[in-house]
Chemist: 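The structure's right below; bear with me while I get my questions together.
Residue numbers start from 1 in every chain, and the chains themselves are labelled A, B, ... in the order their sequence lines are given, proteins ahead of strands.
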Amino acid sequence: MNYTRFVLHAAIAASLAGPAAAEDKVLTIAGSGGVVKEITEKVFIPAFEEDTGWTTKFIAAESNIMLEVRTMLASGNMLYDAMEVSASNYPIGVQEGLLAPIDYALLDPDNQLPDKAKKEFGVVAAAYSTVLVQRLDKTPEGKKMQSWADFWDVETFPGPRSLNRQPQYTMEFALLADGVAKEDLYDVLGTDEGLDRAFAKLDEIKPYIPVWWTSGAQSVQLLSDGEVFYSSTYNGRVTKLQESGIPAEIVWNGGALHTSYVGIPKNAPNYKEAHDWIRVRTMRPDLEIQYVRQLPYPNFAPGLFDEMSEEVARNMPTYPANAEVQFVAYDEFWAANIDRIRERFDEWLLE
Amino acid sequence: MKLRPILWLLLPAAVLLAGFILAPSLDLFRASLFDPDFTMQHFQRLVDRGVYLDVMWRTIRVSLIVAVLCTVIGYPVAFFINLQPSRRQTLLLFLILIPMWMSILIRTYAWIVVLGRDGLVNQALAALGLAQEPVQMLFTSGAVLAAMVQILLPIQILTCYAAMTEIDFDLIRAARVLGARPRQAIARVFVPLSLDGTLTGLVIVFMLSMGFFITPALLGGRQDTMIANLIEFQVQRLNWSFAAALGVVLLVLTVAMIVLLRGAGRLLARRVLKGGL
């Protein structure tokens with residue numbers, strides 16, 4: 001008996017044993033907590049429940065959803081029917097065989113979704129960006145950061161900073177700061193010299209980073225508390241920061257544009273109904289527009305941008321002027337190189 | 001055979017320990033050595049890369065510093081409490097116990113409020129005109145040490161206190177009768193008799209420090225990573241075998257250090273008892 005897995009599994013099972021567990025037709029959906037959960041429960045879940053007559057249970061798996069799924073698979077008891085799969089988790093899920101393939105004949109028989117929305121093991125649920133955010137009340141008088149090169153410029157912009165404790169996109173930001181064109185990022189990062197170059201650039205900024213964030217919530221908290229003045233973070237979190245009265249501003253230039261997915265874990269108990277959920281989540285512009293008004297994470301619901309005002313569209317990571325200055329995060333590169341780079345990155349952090 | 005019914009009393013504890021301590025520990029050893037076939041690669045990686053040895057050394061060093069600081073601060077407090085009238089002793093012990101009812105997480109968060117850039121200490125420094133710029137205290141080794149000492153101090157105070165209440169005060173009176181001055185009686189009778197309990201407290205604090213996780217994670221910078229943080233990190237990265245190897249090393253290091261500390265303590269006690277302080 002594998003006790004580690006047994007205990008982990010027991011802990012997860014205990015956390016799921018809510019009142020809804022007794023009912024029959026319950027679809028269990030796992031996703032991130034916070035604002036995403038709030039709005040998903042307000043917009044998509046009622047529509048799904050009305051369409052299908054099923055009830056749902058939404059589990060906020062904030063920290064490491066792939067670890068949970070892996071544990072459940074190992075213990076032979078999959079508790080989730082559908083799940084959010086982030087850009088960085090998608091390749092892990094595919095590589096480790098944690099996801100079930102999407103049946104597009106079942107999901108989208110009329111072929112309405114554009115090709116770029118469809119992956120073998122997931123449908124694009126949201127597009128978001130990892131961007132540089134600055135607190136305008138902490139920047140020097142009359143100056144604003146415009147690029148990652150400014151983030152590295154500690155003379156002009158003094159003060160504590162934070163970056164993600166993951167090599168994904170942090171390495172790209174370093175290369176952008178070092179003058180690499182965004183078209184060439186992954187060609188450069190793919191070579192040993194390019195990787196050395198990124199680490200050399202990170203060496204420069206290392207002393208000015210008192211803390212490396214490990215969750216989106218933490219990055220926003222650090223900015224909100226004034227523990228750091230500049231940080232990378234997810235664009236959707238910035239809206240909440242601004243609403244709470246913090247003068248935070250996004251620098252779209254050099255941001256990483258990601259797509260995240262909704263997928264089905266392997267051995268999900270309700271494979272077919274999970275597709276009904278995915279359809280509601282990804283193919284309904286009437287619902288998506290409500291979601292996007294509150295969270296600027298649009299997907300490829302057919303006809304979505306027709307329903308949007310200019311003002312809303314301008315805060316979208318996929319708004320043309322924003323998309324133009326960002327680079328597209330290349331998940332496949334990270335899937336192929338993550339082990340090599342992450343080990344070095346982790347050890348570099350400890351040095 | 002009078003022993004047998006008494007042994008039955010141990011059964012629940014034995015089952016609990018075997019099921020929830022012994023078996024998972026054995027599984028930990030298995031996971032560190034089989035991935036899925038027998039391999040030493042995870043231990044090899046630990047030894048080959050200097051950074052991991054640094055983290056281990058740092059964990060031991062921080063734990064030792066915390067244990068010694070808790071003893072230096074805690075022993076006089078326990079001594080003071082021991083000298084109070086018994087009703088006041090109860091009150092003082094109660095006050096020391098109160099923080100232990102709060103979760104370590106909350107006590108750690110409280111330090112963020114105290115040490116942050118806009119925190120209490122920085123506000124006070126600014127108000128007194130002692131600092132132009134906020135001082136970076138959060139995410140430093142000092143923050144980790146301060147919080148760990150604060151969290152573990154009650155344990156050392158209570159252990160020292162327990163040892164002191166065992167001491168027969170007639171022995172000190174006897175020393176006085178035989179001509180020792182008060183300070184001599186304390187140094188040559190009281191302190192040696194409380195030494196064993198104090199060392200036990202020191203070892204307990206050391207042991208708990210070795211596994212500390214939340215405090216260095218929240219209050220420390222990247223250079224304050226301890227073994228437990230490394231384990232959590234590797235679990236997050238799905239490197240379970242490497243995490244297991246780190247766990248084994250933490251276990252072995254802790255046991256080895258305890259044996260070492262007990263041995264050193266016993267030597268010290270023998271010398272103190274022979275010659276006094």
Chemist: Which answer fits Arg49(B), side chain, backbone, both or neither, if we ask what part of it has an atom under 4.5 Å from a heavy atom of chain A?
Modeler: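 Contact with chain A involves the side chain of Arg49(B) alone.
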
Chemist: For Glu96(A), which atoms come within 4.5 Å of any heavy atom of chain B: side chain, backbone, both, or neither?
Modeler: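 Side chain of Glu96(A) only, per the 4.5 Å heavy-atom cut-off to chain B.
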
Chemist: Picking from Gly116(B), Gly221(B), Ala217(B), Gly119(B), which has the most non-hydrogen pairs under 4.5 angstrom with chain A?
Modeler: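 If we count pairs closer than 4.5 Å to chain A, Gly116(B) comes out on top.
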
Chemist: Could you list which of residues 164-173 of chain A have a heavy atom closer than 4.5 Å to any heavy atom of chain B, in residue-number order?
Modeler: Arg165(A), Gln166(A), Pro167(A)

Chemist: The test is side chain to side chain contact (heavy atoms under 4.5 Å, CB included); show your working for Phe242(B) and Glu343(A) and say whether it passes.
Modeler: CA-CA 12 Å; Phe242(B) 188 54; Glu343(A) 195 171 309; over 6 Å; no

Chemist: With sequence neighbours left out, what residues match Trp152(A) under ring-ring contact (aromatic ring centres under 6.0 Å, His included)?
Modeler: none

Chemist: Please round to the nearest 0.5 Å and tell me the distance separating atom CG of Asp339(A) and atom CG of Asn239(B).
Modeler: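 If we round to the nearest 0.5 Å, Asp339(A):CG and Asn239(B):CG are 7.5 Å apart.
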
Chemist: Among Asp346(A), Ile338(A), Asn64(A), which one satisfies side chain to side chain contact (heavy atoms under 4.5 Å, CB included) with Arg237(B)?
Modeler: Asp346(A)

Chemist: Give, for atom CD of Glu227(A) and atom CG of Asp118(B), the distance between the pair rounded to the nearest 0.5 Å.
Modeler: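 Rounded to the nearest 0.5 Å, the CD-CG separation comes to 7.0 Å.
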
Chemist: Could you tell me whether the side chain of Arg222(B) and the main chain of Leu350(A) form a donor-acceptor pair under 3.5 Å?
Modeler: no

Chemist: What part of Ile92(A) is in contact with chain B, defined as an atom under 4.5 angstrom from a non-hydrogen atom: side chain, backbone, both or neither?
Modeler: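 When you check distances to chain B, only side chain atoms of Ile92(A) fall under 4.5 Å.
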
Chemist: Where do Arg117(B) and Pro160(A) come nearest, in terms of heavy atoms and distance?
Modeler: NH1-CG, 3.7 Å

Chemist: Do Glu347(A) side-chain atoms and Val51(B) backbone N/O form a donor-acceptor pair below 3.5 Å?
Modeler: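 Side chain of Glu347(A) to backbone of Val51(B): no pair is present.
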
Chemist: Check whether more than 12 heavy atoms from other residues, nucleotides or ligands sit under 6.0 Å from atom CZ of Phe199(A), and answer yes or no.
Modeler: yes

Chemist: Could you tell me the separation between the CD atom of Gln218(A) and the CG atom of Leu218(B), rounded to the nearest 0.5 Å?
Modeler: 8.0 Å

Chemist: Is chain A contacted by the side chain of Arg45(B), its backbone, both, or neither, given a heavy-atom distance below 4.5 Å?
Modeler: side chain

Chemist: To the nearest 0.5 Å, what is the distance between CZ (Phe139(B)) and CD1 (Ile209(A))?
Modeler: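 CD1 of Ile209(A) is found 12.5 Å from CZ of Phe139(B).
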
Chemist: Against chain A, label Leu230(B) side chain, backbone, both or neither, depending on which of its atoms sit under 4.5 Å from a heavy atom there.
Modeler: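 Contact with chain A involves the side chain of Leu230(B) alone.
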
